[in-house]
Amino acid sequence: QVQLVESGGGSVQVGGSLRLSCVASSTISSSHCVAWFRQAPGKERETVATIRFGAGYSDYTDSVKGRFTVSQDYQKNTVYLQMNSLKPEDTAVYYCAAGLNYGRLCTTAQRDYNDWGQGTQVTVSS
């Protein structure tokens, strides 16, 4: 089991930037995918981005493409989510999660991610 801790959330104005960090307590292998999810009040949790740890293959939901970038620091067991050009609709609690995945591409299904962080709040105001 991997323990994950997110940080970097906060309050920003429209157009601002934040970088979220997800630090794993133990080694994440190249067999893991790491995903960022978010949940806004009254809405279902949605997948924001995924990354194949090690190889670095990444994917994004359409609403954040071109604005968000997921990256990794293999030696630090850390995954980042750089969020630029933030919009009010990006307001949510952001979670990182890790799961074993032996395919080339990571899935977006929450059920495929067994280890979750506690979440970090992102608030974007106009």
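When a residue number appears, it is its place in the shown sequence, counting from 1. Note that the structure is predicted; figures quoted are calculated from it, not measured.
- Within the 4.5 Å cutoff, the side chain of R38 has no heavy atoms near those of the L81 side chain.
- Under a cutoff of 6.0 Å and an axis angle of 45°, R45 and Y95 form a cation-pi pair.
- The backbone N or O of E6 sits nowhere less than 3.5 Å from a side-chain atom of T120 that would complete a donor-acceptor pair.
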F53 vs Y74, test: ring pair (Phe, Tyr, Trp, His ring centres under 6.0 Å). Steps then yes/no. CA-CA 7 Å; F53 203 74; Y74 197 79; 5.2 Å; yes
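- Contact annotation: the side chain of V48 approaches that of Y94 to within less than 4.5 Å [non-hydrogen atoms, C-beta and beyond].
- Residue pairs that meet the salt bridge (Lys or Arg N to Asp or Glu O under 4.0 Å) test with at least one member in residues 58-67, sequence neighbours left out, are D62-K65, R67-D90.
- Using modelled atom types and a 3.5 Å distance limit, the side chains of D73 and T78 yield no donor-acceptor pair.
- Looking only at distances, no side-chain donor or acceptor of T123 sits under 3.5 Å from a matching main-chain atom of S11.
- Geometrically, R52 does not engage Y57 in a cation-pi contact defined by less than 6.0 Å to the ring centre and at most 45° from the axis.
- Among N114, N101, V2, the single residue meeting the side-chain contact (heavy atoms from CB on, under 4.5 Å) criterion with H32 is V2.
- Here F37 and W116 bring their ring centres to under 6.0 angstrom of each other.
- The number of heavy-atom neighbours closer than 6.0 Å to CD of Q82, taken from other residues, nucleotides and ligands shown, is above 12.
- Enclosure of atom CD in E89 by more than 12 non-hydrogen atoms of other residues, nucleotides or ligands within 6.0 angstrom is indicated.
- Contact check for V70 versus T50: no side-chain heavy atoms found under the 4.5 Å cut-off.
- More than 12 heavy atoms of other residues, nucleotides or ligands sit less than 6.0 Å from atom CD of Q39.
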